[in-house]
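Have a look at the structure below, then the notes.
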Amino acid sequence: MPQYILALDQGTTSSRCIIFDHNGAIKSLAQKEFTQLYPQPGWVEHNPMEIWSSQLAVAAEAMAQAGLTTSDIKAIGITNQRETTIVWNKDTGEPIHNAIVWQCRRTAEKVEELKSLNLTDYIREHTGLIPDAYFSATKIAWLLDNIDGARARAEAGELLFGTVDTWLVWKLTAGKKHVTDLTNASRTMIFDIHRLCWDEKLLTTLNIPANILPEVYPSGYHFGDTDPAVLGGEIPIAGIAGDQQAALFGQCCFEKGEVKNTYGTGCFLLMNTGNEAITSRHGLITTIAASVAGKKPSPGNDNSKRITSQFSLNSSHICDFSPAYALEGSVFVAGAAVQWLRDGMRMIKSASESQEYAEKVADTEGCYLVPAFTGLGAPYWNPYTRGVLVGITRGFTKEHFIRAALEAIAYQTVDVLKAMEEDAGVLITGLKVDGGASANDFLMQFQADILNAEAHRPECIETTALGAAYLAGLTVGFWADMNDIRQNWHLNRTFAPSIEAKQRENLLSGWRKAVKCALAWE
Ligand code: ADP
């Protein structure tokens with residue numbers, strides 16, 4: 001009997017593989033960094049072949065470490081860096097260019113063109129996104145416009161497009177499956193998140209032929225089987241989700257109103273909004289959350305309709321499946337501020353040391369740091385803002401500085417969560433946390449205090465890979481249902497609010513003034 005689920009976690013800087021057992025415990029883990037290519041300022045690329053070879057290498061390594069063969073693996077789940085775009089030759093498997101990475105700004109002008117065609121509202125309404133170079137749409141168009149003969153070859157049916165999940169499945173199945181899942185499709189800016197199909201109007205506007213697009217399925221679905229030549233046996237690929245949606249699922253945020261925050265380089269906040277796709281009035285993005293056809297999180301949340309047929313490439317085909325949706329907001333600089341304290345300011349030797357310094361002082365003496373190094377994200381969306389440090393007096397020390405930087409992570413999170421509360425019309429009473437900086441107890445306590453809600457930190461903070469594993473495991477019956485996997489969510493620590501309302505309001509009003517100062521610097 002196969003005892004394990006293998007998760008491929010293809011991130012922006014490294015490929016990882018984690019093998020999980022039935023309790024959601026890690027059996028083995030392997031990781032390999034790969035090359036970041038910066039051909040011009042603001043441009044970021046990856047070599048798709050290196051993405052593939054590093055991912056394959058870590059899968060083999062994780063299996064070898066645990067002494068497992070393919071017959072021990074019940075299914076594979078994939079989670080991946082989102083939006084990153086690859087186009088390749090259907091016959092040779094040769095990419096026509098490097099992958100254009102989500103961070104790449106090369107198509108900013110193309111996005112301005114879309115805006116000048118008055119498509120902003122249309123894009124928002126249909127794709128749930130705010131027009132930006134970040135998403136795949138303009139990256140695909142760039143490849144077709146700039147690589148010699150690409151558009152003609154695409155129209156002739158010789159090329160395929162995929163996000164990283166699609167590329168990996170295509171390689172794992174030796175070119176048999178050209179597929180993606182709803183969460184990845186919802187980040188392309190050419191997918192209608194309500195009708196669950198590719199959007200003809202946007203495809204026409206960007207001159208993208210529909211025949212290069214993958215078929216789209218729910219995140220929990222039997223996408224195909226690995227080719228025996230690849231890993232030495234056939235394993236079902238049964239789960240796919242973009243990294244943040246996978247983390248939401250790995251945190252067991254199955255119910256409407258449940259929220260997770262990942263404290264990494266930036267912060268990524270996602271709230272499950274159930275079957276309702278809420279259009280934000282506060283600068284958040286509407287996206288599709290991971291769900292498994294036929295698996296109900298709870299009686300009130302009806303995403304249980306069985307998928308009756310495949311999603312087709314065009315809108316003429318209505319599919320009987322209602323996915324869960326999510327509101328998403330991100331903070332650009334979170335853990336990155338701690339890295340800056342370490343590498344730029346040289347105030348600390350390690351990120352974890354920040355806690356010790358912050359706890360040496362009772363407060364920041366009324367000072368605030370707004371780390372708007374690259375502008376401010378949700379809910380402000382101002383790319384021109386820059387960082388400020390305000391309120392300094394003679395007593396201000398290094399300890400206060402470090403504390404202000406950590407507090408800023410929590411304040412920025414509150415700004416996004418308040419926007420979510422207003423958009424969704426719910427009161428957030430608890431937040432599930434993960435990511436590298438969630439290990440900081442000071443930060444988590446301050447977060448609970450300033451948010452006036454509990455922060456729950458699980459034992460396993462590898463929630464992204466775990467989410468992909470859960471999706472695959474639910475699909476093949478390794479886990480019976482959502483309750484089965486909820487049993488695996490073990491609390492490490494809850495941080496409960498411990499300050500008075502008056503103090504909270506004073507702190508928040510200071511933060512709001514500090515943000516105004518940053519915006520004024522524009
Ligand atoms: P990413 O996936 O974005 O690389 P990680 O989840 O690995 O991020 O978290 C790394 C980030 O968290 C770094 O920016 C680092 O500065 C920050 N970090 C790690 N540990 C701590 C800590 N104990 N306190 C504060 N920040 C931390």
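The figures here come from the full heavy-atom set of this structure, side chains too, leaving out hydrogens, waters and symmetry mates. Just so it is clear, the structure is predicted and the values come from calculations on it, not from any experiment. Residues: numbered from 1 along the sequence shown. One-based numbering, in listed order, for ligands and for the atoms of each.
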Note every protein N or O atom lying under 3.5 Å from an N or O atom of ligand 1, pairing the names and giving the distance.
from	atom 1	to	atom 2	distance (Å)
ligand 1	3 (O)	Thr265	N	2.9
ligand 1	3 (O)	Thr265	OG1	2.6
ligand 1	6 (O)	Gly436	N	2.8
ligand 1	9 (O)	Gly436	N	3.4
ligand 1	14 (O)	Gly335	O	3.0
ligand 1	14 (O)	Gln339	NE2	3.2
ligand 1	16 (O)	Gly335	O	3.0
ligand 1	20 (N)	Gly436	O	3.4
ligand 1	24 (N)	Asn440	ND2	3.0

Looking at Asn184, Thr287, Thr183, Asn272, which one forms a side chain to side chain donor-acceptor pair (under 3.5 Å) with Gln245?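 Looking at Asn184, Thr287, Thr183, Asn272, the match for Gln245 under the side chain to side chain donor-acceptor pair (under 3.5 Å) is Thr287.
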Charged N to carboxylate O under 4.0 angstrom, Arg493 versus Glu454?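 Not counted as a salt bridge, because no side-chain N and carboxylate O are separated by less than 4.0 Å.
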ring-ring contact (aromatic ring centres under 6.0 Å, His included) contacts in which one or both residues fall within residues 12-42, not counting sequence neighbours: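 Applying ring-ring contact (aromatic ring centres under 6.0 Å, His included) to every pair that reaches into residues 12-42, excluding sequence neighbours, yields His22-Phe478, His22-Trp479, Phe34-His46.
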side-chain contact (heavy atoms from CB on, under 4.5 Å) between Tyr263 and Met444: does it pass, once the steps are laid out? CA-CA 10 Å; Tyr263 298 80; Met444 292 301 105; 3.7 Å; yes
Tyr411 and Val331, any side-chain heavy atoms less than 4.5 Å apart: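 They are not in contact (no side-chain heavy atoms under 4.5 Å apart), so the answer is no.
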Check for a donor-acceptor pair, side chain of Thr79 on one end and backbone N or O of Asp9 on the other, with a separation under 3.5 Å.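 Side chain of Thr79 to backbone of Asp9: no pair is present.
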